[in-house]
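Worksheet: one structure, shown below.
Heavy atoms only: backbone and side chains are in, while hydrogens, waters and symmetry mates are out. Worth saying up front: this structure is predicted, and the values here are computed from it rather than measured.
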Amino acid sequence: MAVCYRHPDRETGVSCSNCGRPICADCMTSTPVGMRCPECARQRTKVRTGTSAFGRAAGAPATFVLIGISVVAFLAELAGGVGGLEGGGPVITDFGVFGPAIADGEWYRIVTGTFLHAGPIHLLFNMFALYILGTFLEPSLGAARFTALYVASMLAGSLGVVVLEPVTNSVGASGAVFGLFAAAFVIARGRGMEQIATQLGALILLNLLITFTVPRISIGAHLFGAGAGVLCALLILAGDRGRLGPNRMVAEIGAMVALGVISAVATVAVA
């Protein structure tokens, strides 16, 4: 077991969520983004600049880029016809996640369908969830790890659609959002943020209830996306505990990218 970098005589299974150094109970400071060592905790206090929209965007750039892509995609749906307001239309027909079309060589649907939405309410709910989870996770993970987590969950969600709903044309970011939900829960538990984990757990149960009771919701995307989120979170926690070696970021991002690639290849194979 690793030992605290400030107290070599004390073994510990906890690492600073910012720099990755192992820390004991006397050295750890609980923050909204995990346990931090004394140096990183002081740095966190210095760099906080308020809660303006510009401040949140600076702390979570990938989150806002992903939201922007989905909004632009929805505008393209509207430009393609009134279908964007009715849950259909030519853009959804041509770019949604649809197993038979993917089998015919339209592999791009694995990605494009996850940025389309069946109406403004669908878009609003998913983007609000992405905003909340992104501004919670991305500042502690960094843009690269957060993006890898999102993409892995997104591609796993497309796999879930093809596996469980092979003849349904599915759209939406909910597979990736469920991955973020699951990852946030696992990371919060692993970093000792029990109150946040409890709140996230309740939200996940509520969303699962909605998934299985409300018609026209992609069960496959939600379940497979959440599964990928759990796997990615376990990788991140393994890095926190020093189990991935000195190049933990490379190992974590590489493994998450591999998970996404495997999901994409499996989607094509299953379709």
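Counting non-hydrogen atoms of neighbouring residues, nucleotides and ligands closer than 6.0 angstrom, the CZ atom of Phe125 reaches no more than 12 such neighbours. By the 6.0 Å contact criterion, CZ on Phe128 is open, its count of non-hydrogen atoms from other residues, nucleotides or ligands being 12 or less. Around atom CZ of Arg21, more than 12 heavy atoms belonging to other residues, nucleotides or ligands sit under 6.0 Å away.
Hydrophobic clustering places Val177 together with Ile219 (ILVMFWY residues linked when any side-chain heavy atoms are closer than 4.5 Å, directly or through intermediates). Hydrophobic clustering of Ile, Leu, Val, Met, Phe, Trp and Tyr side chains at less than 4.5 Å, counting indirect connections, unites Leu75 with Met127. Following chains of ILVMFWY side-chain contacts shorter than 4.5 Å, one can reach Val230 starting from Val163, so the two form part of one hydrophobic cluster. A chain of hydrophobic side-chain contacts below 4.5 Å, direct or via other Ile, Leu, Val, Met, Phe, Trp or Tyr residues, connects Leu130 to Val65. Phe178 and Ile217 fall into different hydrophobic clusters, where Ile, Leu, Val, Met, Phe, Trp and Tyr side chains are chained together by heavy-atom contacts under 4.5 Å.
Of all the heavy atoms in Val186 and Leu234, the pair that sits closest is CG1-CD2, 4.0 Å. Closest non-hydrogen pair, Cys232 versus Met256, comes out as SG-CG, 3.4 Å. In plain terms, the two heavy atoms of Phe185 and Gly201 that are nearest each other are CD1-N, 3.8 Å. Smallest separation of non-hydrogen atoms from Leu155 and Ala264: CD1-CB, 4.4 Å. When all heavy atoms of Leu133 and Ala184 are compared, the pair lying nearest together is CD2-CB, 4.2 Å. In this structure, Leu259 and Ala152 approach most closely via the heavy-atom pair CD2-CB, 4.2 Å.
Between the Ser263 side chain and the Leu159 main chain, no donor and acceptor come within less than 3.5 Å of each other. In terms of modelled atom types and a separation under 3.5 Å, the side chain of Arg145 and the main chain of Leu141 share a donor-acceptor contact. Formation of a donor-acceptor pair under 3.5 Å by the Arg109 side chain with backbone atoms of Gly96 is found in this model. A donor-acceptor pair under 3.5 Å is absent between the side-chain atoms of Asn126 and the main chain of Gly172, judged by distance alone.
Between Leu244 and Val250, every side-chain heavy-atom pair lies at or beyond the 4.5 Å cut-off. Within the 4.5 Å cutoff, no side-chain heavy atoms of Leu116 are placed close to those of Phe74. Residues Phe64 and Thr135 have side chains in contact (heavy-atom distance under 4.5 Å, counting atoms from C-beta outward). Within the 4.5 Å cutoff, side-chain heavy atoms of Val268 are placed close to those of Ile110. The shortest side-chain heavy-atom distance between Arg189 and Ile196 does not fall under the 4.5 Å cut-off. The side-chain heavy atoms of Ile236 and Arg191, taken from C-beta on, include a pair separated by under 4.5 Å. The shortest distance between side-chain heavy atoms of Cys37 and Cys27 does not fall below 4.5 Å. Taking the side chain as every heavy atom from C-beta outward, His117 and Val171 never approach each other to under 4.5 Å.
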Subject >> Steps toward side chain to side chain contact (heavy atoms under 4.5 Å, CB included) verdict (Leu203, Phe181) >> reply: CA-CA 8 Å; Leu203 287 173; Phe181 261 123; 4.0 Å; yes
Subject >> CA sep, side-chain torsions, deciding dist, call: Ser218, Glu165, side chain to side chain donor-acceptor pair (under 3.5 Å) >> reply: CA-CA 8 Å; Ser218 177; Glu165 297 130 10; 2.8 Å; yes
**OP:** Show your working on side chain to side chain donor-acceptor pair (under 3.5 Å) between Tyr150 and Glu138 and close with a plain yes or no.
**Re:** CA-CA 10 Å; Tyr150 186 92; Glu138 188 177 350; over 6 Å; no
Subject >> Step-by-step side chain to side chain contact (heavy atoms under 4.5 Å, CB included) determination, Leu223 to Leu208 >> reply: CA-CA 9 Å; Leu223 294 183; Leu208 285 175; 4.2 Å; yes
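Taking the charged nitrogens against the carboxylate oxygens, Arg10 and Asp26 do have a contact shorter than 4.0 Å, which makes a salt bridge.
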